[in-house]
Structures are given as C-alpha cells and as structure tokens.
**Q** 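Have a look at the structure that comes next, please.
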Amino acid sequence: MERDGQLELYDRLAARLKEAHSRVRSPQIPQSARVPLARKLLVITAASKHDLAEAERRLERLMADVDEGRFSAGRGDVCADGTP
C-alpha cells in the first residue's frame, strides 16, 4: 500500500515539475529570471530522488513565488545552497 502512495506522489510531482518548467519558459517570465528559476527547478528535481515530499513542498513554494511575481534574481534571493 505504501508503495502505491509513493508512486502516486511521484507521478503528481513529475507532472507538476513538467508544468513548472513550461511556465518558466513562458514569455511572461523575464529573460533575466529564467536561468535562476530553471536552476532552482533542477535542484528540486534532483531533491525528488531522495525525498519526494520535501521536493513537492519546495516546488509549491517556488511556484507560489512565481505566481506572485517574486522571481527576479535580485538582492535578497537565496541561492540553491541556502546562502543569501
């Protein structure tokens, strides 16, 4: 039973990551923000290999930031390694 839940979570996360990558490539995202966002998505994708639930939470936060227009690569952003 637990394995089925993991597969369902994996399928859902994979679909959401695919959608997120498409959104990052959209014309609504400034060119200057695309590379940092794509890198963050790659980090989340790599993290999903180790912890699906945490990767899903990180993706949710990142997409909420994108939805609210907080995607510039400016001062105050946090790098993938957690440093400002």
**Q** With sequence neighbours left out, which residue pairs that include part of residues 14-33 fulfil the salt bridge (Lys or Arg N to Asp or Glu O under 4.0 Å) condition?
**A** R16-E56, R16-E60, R23-D67
**Q** Please name all residues satisfying side chain to side chain donor-acceptor pair (under 3.5 Å) with R61, sequence neighbours left out, ordered by chain then number.
**A** none
**Q** Given the rule that I, L, V, M, F, W and Y join up when any side-chain heavy atoms are under 4.5 Å apart, are Y10 and L59 in one cluster?
**A** yes
**Q** Could you go through the side chain to side chain contact (heavy atoms under 4.5 Å, CB included) check for V24 and K40 one step at a time?
**A** CA-CA 11 Å; V24 165; K40 288 178 182 182; over 6 Å; no
**Q** Quick one: do L42 and L52 end up in the same hydrophobic cluster if we chain Ile, Leu, Val, Met, Phe, Trp and Tyr together by side-chain heavy atoms under 4.5 Å apart?
**A** no
**Q** Spell out, as yes or no, whether a donor-acceptor pair under 3.5 Å connects the side chain of R34 to the backbone of S26.
**A** yes
**Q** Minimum heavy-atom separation for A55 and L13, please, with both atom names.
**A** CB-CD2, 3.8 Å
**Q** Partners of E68 by side chain to side chain donor-acceptor pair (under 3.5 Å), sequence neighbours excluded?
**A** R70
